[in-house]
Amino acid sequence: MTDCIFCKIVRGEIPAKKIYEDEDVLAFHDIRPIAPVHFLVIPKTHIPSMAELQPEHEATMGKVMLAASKLAREQGSTDGYRTIINTGRVGLQEVYHLHVHVVGGPDVLPAMLKR
Ligand code: 5GP
Ligand code: ZN
């Protein structure tokens, strides 16, 4: 995808504060952090959202989740954090390249959704 912002980060065409990279996975700090720890973990391949996941993505998404767990620990979130995947219109997804938010810090986060 030529004009996808996260694909541009993968290709090095837009700068990002990278945390981790391997052949399948990239992690970088969110440009507008909502907590002291807030980074994104993405598959390097362009998958628009959770809604488009296919069986062929199984191994890559496994790597994305394992990277999120390891990096959360390394970033200091040893007492918990929140992982968020926003999907589509209802999920208020902003960037249509599948990404896992890892959000945390020293303090307990607000309740996820209010009744
Ligand atoms: P979404 O609502 O799609 O789950 O979240 C997209 C996230 O990507 C937002 O938290 C936003 O701050 C972040 N973001 C958007 N553009 C950029 C960018 O160019 N660089 C980085 N590092 N993060 C971005
Ligand atoms: Zn993309």
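Both backbone and side-chain heavy atoms feed into the values below; hydrogens, waters and symmetry mates do not. Counting starts at 1 for both ligands and their atoms, following the listed order.
Within 6.0 Å of atom CD in E58, 12 or fewer heavy atoms from other residues, nucleotides or ligands are found, so the atom counts as exposed in its surroundings. The environment of CD in E13 is crowded: more than 12 heavy-atom neighbours from other residues, nucleotides or ligands sit within 6.0 Å. Heavy atoms of other residues, nucleotides or ligands lying less than 6.0 angstrom from NZ of K70 number 12 at most.
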Step-by-step side-chain contact (heavy atoms from CB on, under 4.5 Å) determination, D30 to L40: CA-CA 6 Å; D30 196 292; L40 307 174; 3.5 Å; yes
Determine, step by step, whether I19 and H29 satisfy the side-chain contact (heavy atoms from CB on, under 4.5 Å) criterion, reporting the C-alpha distance in whole Å, the side-chain angles of both residues, the deciding distance to 0.1 Å, and the verdict. CA-CA 7 Å; I19 302 170; H29 292 285; 3.6 Å; yes
Could you go through V103 and V37, starting from their C-alpha distance and side-chain angles, then the distance that decides it, and tell me whether this counts as side-chain contact (heavy atoms from CB on, under 4.5 Å)? CA-CA 5 Å; V103 179; V37 175; over 6 Å; no
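Those atoms of ligand 1 with a heavy atom of Q93 less than 4.0 angstrom away are 3 (O). Near N86, meaning under 4.0 Å from one of its heavy atoms, ligand 1 places the atoms 1 (P), 2 (O), 4 (O). Near V95, meaning under 4.0 Å from any of its heavy atoms, are these atoms of ligand 1: 3 (O), 6 (C), 15 (C). Interface of L92 with ligand 1, defined as ligand atoms under 4.0 Å from a residue heavy atom, comprises 2 (O). Atoms of ligand 1 lying under 4.0 Å from at least one heavy atom of H101, given by number and element, are 1 (P), 4 (O), 5 (O), 7 (C), 10 (O). Taking a cut-off of under 4.0 Å to the non-hydrogen atoms of F28, the atoms of ligand 1 that pass are 21 (C), 22 (N). Listed by atom number, the atoms of ligand 1 under 4.0 Å from I9 heavy atoms are 20 (N). Residue contact check: R32 has heavy atoms under 4.0 Å from atoms 11 (C), 12 (O) of ligand 1.
Scanning the protein heavy atoms around atom 22 (N) of ligand 1, the nearest turns out to be H29 O, 2.9 Å. Regarding atom 3 (O) of ligand 1, its nearest protein heavy-atom neighbour is E94 N, 2.7 Å.
Here C7 contributes SG and C4 contributes SG, and at the Zn ion (ligand 2) these two atoms make an angle of 120°, given to 10°.
The nearest pair of heavy atoms linking S77 to G104 is OG-CA, 4.3 Å. Contact record, C7 with H46: SG-ND1, 3.5 Å, taken as the closest heavy-atom pair.
The heavy atom nearest to atom 18 (C) of ligand 1, out of those in I31, D30, V103, is found in I31.
Counting heavy atoms under 4.0 Å from ligand 1, residue L40 touches it through the side chain alone. Contacts of I14 with ligand 1, taken as heavy-atom pairs under 4.0 Å, are absent altogether. At a heavy-atom distance under 4.0 Å, only side-chain atoms of I5, from C-beta outward, approach ligand 1. The part of H99 lying near ligand 1 is the side chain, judged by heavy-atom distances below 4.0 Å. Contact annotation: for Y96 versus ligand 1, there are no heavy atoms closer than 4.0 Å. By the criterion of a heavy-atom distance under 4.0 Å, neither the backbone nor the side chain of F39 is placed next to ligand 1.
Linking ILVMFWY side-chain heavy atoms closer than 4.5 Å, directly or via other members, places M61 and I42 in two distinct hydrophobic clusters.
In terms of distance to the Zn ion (ligand 2), the nearest N, O or S atom of H97 is named ND1. The N, O or S atom of H46 with the smallest distance to the Zn ion (ligand 2) is ND1.
For E94 and R32, the salt-bridge test passes: some basic side-chain N is under 4.0 Å from an acidic carboxylate O. By the 4.0 Å N-to-carboxylate-O rule, D24 lies too far from K44 to be salt-bridged with it.
When only modelled atom types and interatomic distance are considered, H101 and H38 share a side-chain donor-acceptor pair under 3.5 Å.
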